[in-house]
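See below for the structure under consideration.
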Amino acid sequence: MSFDATVLTLYPDMFPGTLGQALAGKAHARGDWTLQTVQIRDFATDKHRSVDDTPAGGGAGMVMRADIVAAALDASAGPDDPRPRLLMSPRGGPLTQDRVRDLAAGPGAVIVCGRFEGVDQRVIEARDLEEVSIGDYVLSGGEVAAQVLLDAVIRLLPGVMGNATSGDSESFEDGLLEHPHYTRPPEWEGRAIPDVLTSGNHAKIEAWRREKAEKLTRERRPDLLARTDRGEGA
Ligand code: SAH
């Protein structure tokens, strides 16, 4: 079973982009995930092949037309398609590791990439698009955001990560940021690897990592502790 991604975009040449190489690229070559891009402009109906128009009510910019986006969606994911339909959007719910894990456990995703000022509200409602944001900043288009989402999902697919356990203590997986890492050489520019890590005492190493993870999280992301109630009394 593979994770099947369909991406609707005005810039299909931007794909697979970063997903064509390294971990995601190898997983794609193995068939762990598939990618279909759909050129939204192919569903334009006028001779200029236009996909956008001026905003109702006036103002700057252009808005992607509901009828064109809907036609592209209907042609690529029918009503029986079990995959969630996502719209990359700065107004969406934040993409979290929990949401990423949910998506990775499912059959795939149909992802609409916005451009201009975004898409006509009516197609969001009529096609039940879930708006997903990758952060509190504004990109020029949804393509990079879609690649961020897919990258995060693909590395969680079964068999994709070389060391299957390397994901367990990862940042966010247990509500904490991950502990610091070290590797050879044992001393570099006068800085030594913390003794505990070379002690061979696994219980102590675990305790040290846990302590570092909690300290980092407390300092940098107290919101994560609050979310898991870990912050109480800390
Ligand atoms: N006028 C919109 C921004 C449009 S940006 C607003 O103020 O909300 C153009 C497109 O880029 C969006 O339709 C969306 O698909 C994508 N995009 C921009 N920022 C994004 C973000 N933080 N997360 C996900 N997609 C984003």
Side-chain angles (χ1 to χ4, degrees), residues 1-40 64 69-70 72-73 76-77 81-119 121 123-125 127-161 166-168 170-175 177-178 221 223-224 227:
M1 207 187 75
S2 66
F3 181 93
D4 298 320
T6 297
V7 177
L8 285 68
T9 170
L10 291 171
Y11 297 95
D13 289 350
M14 291 184 179
F15 291 85
T18 64
L19 304 174
Q21 295 194 41
L23 205 82
K26 284 179 197 141
H28 185 257
R30 270 200 309 270
D32 293 337
W33 69 284
T34 68
L35 175 66
Q36 179 198 15
T37 54
V38 176
Q39 169 56 278
I40 296 172
M64 289 171 75
V69 173
L73 268 169
S76 24
D81 196 310
R83 296 175 296 170
R85 286 183 293 272
L86 314 178
L87 169 65
M88 304 318 298
S89 161
R91 298 186 321 198
L95 182 64
T96 61
Q97 192 65 13
D98 281 345
R99 187 71 186 96
V100 166
R101 212 180 298 110
D102 281 353
L103 286 167
V110 179
I111 306 175
V112 180
C113 301
R115 279 275 154 181
F116 319 116
E117 293 306 318
V119 307
Q121 180 64 24
V123 69
I124 301 177
E125 293 167 10
R127 293 298 180 274
D128 203 19
L129 300 180
E130 178 195 349
E131 294 181 72
V132 178
S133 168
I134 65 158
D136 293 342
Y137 37 77
V138 180
L139 304 167
S140 56
E143 289 77 11
V144 167
Q147 286 180 33
V148 166
L149 181 147
L150 288 171
D151 182 283
V153 167
I154 289 162
R155 62 188 286 285
L156 293 188
L157 297 176
V160 169
M161 273 200 295
S166 80
D168 293 353
E170 212 101 54
S171 292
F172 311 115
E173 285 293 348
D174 55 1
L177 302 179
E178 200 182 39
R221 294 294 305 277
D223 58 303
L224 292 178
R227 230 181 271 169

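Keep in mind that this is a model prediction, so the values were computed, not measured.
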Any sub-3.5 Å donor-acceptor pair from [X]'s side-chain atoms to [Y]'s backbone N or O?
X: Gln147; Y: Met14; answer: yes
X: Thr37; Y: Val7; answer: no
X: Arg127; Y: Leu73; answer: no

What's the separation between atom [atom1] in [X] and atom [atom2] in [Y], rounded to the nearest 0.5 Å?
X: His28; Y: Thr34; atom1: NE2; atom2: OG1; answer: 6.5 Å
X: Thr6; Y: Arg83; atom1: OG1; atom2: CZ; answer: 3.5 Å
X: Met64; Y: Leu87; atom1: CE; atom2: CG; answer: 8.5 Å
X: Asp98; Y: Glu173; atom1: CG; atom2: CD; answer: 8.0 Å
X: Ile154; Y: Leu23; atom1: CD1; atom2: CG; answer: 8.5 Å
X: Ser89; Y: Ile124; atom1: OG; atom2: CD1; answer: 6.5 Å

What is the minimum heavy-atom distance between [X] and [Y], and which atoms define it?
X: Leu156; Y: Ala152; result: CG-O, 3.7 Å
X: Val110; Y: Ala77; result: CG2-CB, 3.7 Å
X: Leu103; Y: Pro84; result: CD2-CG, 3.7 Å
X: Arg155; Y: Met161; result: O-CG, 3.4 Å
X: Asp81; Y: Ser76; result: OD2-O, 4.2 Å
X: Cys113; Y: Phe15; result: SG-CZ, 4.3 Å

List the steps, then state whether side-chain contact (heavy atoms from CB on, under 4.5 Å) holds for Val123 with Val112.
-> CA-CA 11 Å; Val123 69; Val112 180; over 6 Å; no
Does any part of the side chain of [Y], heavy atoms only, come nearer than 4.5 Å to the side chain of [X], both counted from C-beta?
X: Asp151; Y: Leu19; result: yes
X: Phe172; Y: Arg101; result: no
X: Asp4; Y: Gln36; result: no
X: Met88; Y: Leu95; result: no
X: Phe3; Y: Val160; result: no
X: Leu157; Y: Arg30; result: no

Is the CD atom of Gln121 crowded by more than 12 outside heavy atoms at less than 6.0 Å?
-> yes
So Asp223 and Arg227, salt bridge (charged side-chain N to carboxylate O under 4.0 Å, His left out) or not? Walk me through it.
-> CA-CA 6 Å; Asp223 58 303; Arg227 230 181 271 169; 3.4 Å; yes
Test Thr9 against every option in Glu143, Gln39, Arg115 by the side chain to side chain donor-acceptor pair (under 3.5 Å) rule and name the one that passes.
-> Glu143
